[in-house]
Asker: 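Take this structure first; my questions come after.
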Amino acid sequence: MFHTPNLITPHRRSNGQDHPLPQISAHNRLSAMTAPLIDPFQRAISYLRVSVTDRCDFRCVYCMSENMSFLPKKELLTLEELDRMCSAFIDMGVEKLRITGGEPLVRRGIMTFFNTMTRHLESGALQELTLTTNGSQLERFAGDLFAAGVRRVNISLDTLDDQKFADITRWGRLPQVLRGVDAAQKAGMRVKINVVALKGFNEDELFDLVEWCAGRDMDLTFIEVMPMGDIGNEDRLDQYWPLKDLRARLAERYTLKELAERTGGPARYVALEETGQKIGFITPLTHNFCESCNRVRLTCTGELYMCLGQEDMADLRPALRNHLGDDTALQTHIREAITRKPKGHDFDYARQSVDGRVSRHMSHTGG
Ligand code: SAM
Ligand code: SF4
């Protein structure tokens, strides 16, 4: 059983008023060392996204250049170090862990890591263990992931056309990913398809993608392309298809009903009345989600990014490596980093230039 009830714990603000803390479980509340992580804007950090590798078997044009140079393997946190890191966050109130990359399932031995995280699901400290993947390795791993406690998976898929898929991913092949989608559903995982909205690329497949997902009972989320990292000759403004335009096209065919659901991230959801399907829109360039942001991101080298859209980070690796067997220093560093979590990001596509661009790739921080 991987379930624990949520308890709402009052937290006393410096002005003396009580402030309800969202989603802190009994396990974490009772842990003496481990007061929950609250940032300066009173946001409780309950969600950690971990990039376990910067490598990938695809080269999606909006994400990477064709000739990427990757980190030397010795720079990466070992699987044991990833375990220590994630466990420290879980002890401090993180209840949802998303494993990403790069492509998480190309990291050698990655199932060992998933299997060690299962203990946190079983103890009730962790409510959800999940991943974002390009699906290429799911045929092989879906059953093992389910056995480790993974119940939901996000699979990135921008087109249902073989040739377009090969073009956009450069190295990917659609049938392999479709077999991965089948395997995930067969194993019992709930699948959400992530589609990056790309002007002139998948505009014409909008309704096909919606209907394909509806037919297979999969959720669907559209993502606005973000200005992250050098991608060679591609131009992001050429790729940018604002989701408000996409949404308006959807409304020409379907009745959209706004859902109140919030995840503490940049997604907003609607239900399509005709299909009953849930559709998400991730618009990271707007600021409408920063106030409720509940997440931080850890890279595969142990850098903690407090905001996807800012350069500030805390290097946690020395605290991990210099204090073997004792996580007090690590936890102190994590707490200090959280005090630097900014109010919001600075992305801006206004005036046809990409301001507030961050230099690292999405595959570095983890999408
Ligand atoms: N390799 C895995 C995958 O593709 O799902 C996980 C990592 S990938 C960086 C995570 C998500 O980020 C994917 O859905 C991908 O489409 C998205 N992504 C990558 N670069 C992006 C960008 N510049 N703007 C918006 N989304 C991006
Ligand atoms: Fe790889 Fe995912 Fe980036 Fe595509 S989006 S290149 S699959 S990390």
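Everything numeric here is computed off the predicted structure, so don't read it as measured data. In each ligand, atom 1 is the first atom listed, and ligand 1 is the first ligand listed.
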Asker: Checking only N/O/S atoms, does C56 have one that is under 2.8 Å from atom 3 (Fe) of ligand 2?
Answerer: no
Asker: Is there a path of hydrophobic side-chain contacts, each under 4.5 Å between heavy atoms of I/L/V/M/F/W/Y residues, joining F146 to I99?
Answerer: yes
Asker: Strictly under 4.0 Å, does any heavy atom of G102 approach an atom of ligand 2?
Answerer: yes
Asker: At less than 4.0 angstrom from any non-hydrogen atom of M226, what atoms of ligand 1 do you find?
Answerer: 22 (C), 23 (N), 24 (N), 25 (C)
Asker: Please determine whether the number of non-hydrogen atoms from other residues, nucleotides or ligands lying under 6.0 Å from atom CZ of R152 exceeds 12.
Answerer: no
Asker: Heavy atoms, side chains only, cut-off 4.5 Å: are Q310 and Y305 in contact?
Answerer: no
Asker: Which atoms from ligand 2 have a heavy atom of F58 less than 4.0 Å away?
Answerer: 6 (S), 7 (S)
Asker: Show which residues join L324 in its hydrophobic cluster (side-chain heavy-atom contacts under 4.5 Å, direct or indirect), or state none.
Answerer: none
Asker: Going by atom type alone, with no hydrogens or angles, which donor-acceptor pairs under 3.5 Å involve a side-chain atom of residues 200-210 and a protein atom two or more places apart or on another chain?
Answerer:
unit_1 : atom_1 : unit_2 : atom_2 : d
N202   : OD1    : L198   : N      : 3.0
N202   : ND2    : D158   : O      : 3.0
N202   : ND2    : V196   : O      : 2.8
E203   : OE1    : G200   : N      : 2.5
D204   : OD1    : K164   : NZ     : 3.2
E205   : OE1    : T159   : OG1    : 3.3
E205   : OE1    : L160   : N      : 2.9
E205   : OE2    : T159   : OG1    : 2.5
E205   : OE2    : K164   : NZ     : 2.8

Asker: Is it true that E139 and K186 have a side-chain N and a carboxylate O under 4.0 angstrom from each other?
Answerer: no
Asker: Between L97, L105, V50, which is the residue that forms a side-chain contact (heavy atoms from CB on, under 4.5 Å) with L131?
Answerer: L105
Asker: Using a 4.0 Å heavy-atom threshold (strictly under), name the region of N154 that reaches ligand 1: side chain, backbone, both or neither.
Answerer: neither
Asker: If you measure every N/O of V225 against every N/O of ligand 1, is any gap under 3.5 Å?
Answerer: no
Asker: Do R297 and E303 meet the salt-bridge criterion of a basic N to acidic O distance under 4.0 Å?
Answerer: no
Asker: Below 4.0 angstrom from a heavy atom of G102, which ligand 1 atoms are there? Numbered from 1 as shown, please.
Answerer: 1 (N), 2 (C), 6 (C), 7 (C)
Asker: Within less than 4.0 angstrom of ligand 1, does C60 place any heavy atom?
Answerer: no
Asker: Show which atoms of ligand 1 fall inside a sub-4.0 Å distance from at least one heavy-atom site of E224.
Answerer: 25 (C)
Asker: Does an N or O anywhere in T100 fall below 3.5 Å from an N or O of ligand 1?
Answerer: no
Asker: When only distance counts, is Y62 in polar contact with ligand 1, meaning an N/O pair under 3.5 Å?
Answerer: yes
Asker: Under a 4.0 Å threshold between the charged nitrogen and the carboxylate oxygen, would R335 count as salt-bridged to D39?
Answerer: no
Asker: With only distance considered, is T132 within less than 3.5 Å of ligand 1 through an N or O on each side?
Answerer: no
Asker: Only heavy atoms of V196, strictly under 4.0 Å: list the atoms of ligand 1 that pass.
Answerer: 16 (O), 26 (N)
Asker: Ring-plane angle category for F165 and F58, please: parallel below 30°, perpendicular beyond 60°, tilted otherwise.
Answerer: perpendicular
Asker: State the atoms of ligand 1, each with its element, that fall below the 4.0 Å cut-off from a heavy-atom position in C63.
Answerer: 19 (C), 20 (N)
Asker: Polar-atom distance check: P104 versus ligand 1, any N or O pair below 3.5 Å?
Answerer: no
Asker: Going by the atom numbers of ligand 2, which of them fall below 4.0 Å from some non-hydrogen atom of C60?
Answerer: 4 (Fe), 5 (S), 6 (S), 7 (S)
Asker: Using a 4.0 Å cutoff against the non-hydrogen atoms of T133, which atoms of ligand 1 qualify?
Answerer: 2 (C), 3 (C), 5 (O)
Asker: Would you say H323 and T328 are linked by a side-chain donor-acceptor pair, where the criterion is simply a distance under 3.5 Å?
Answerer: no
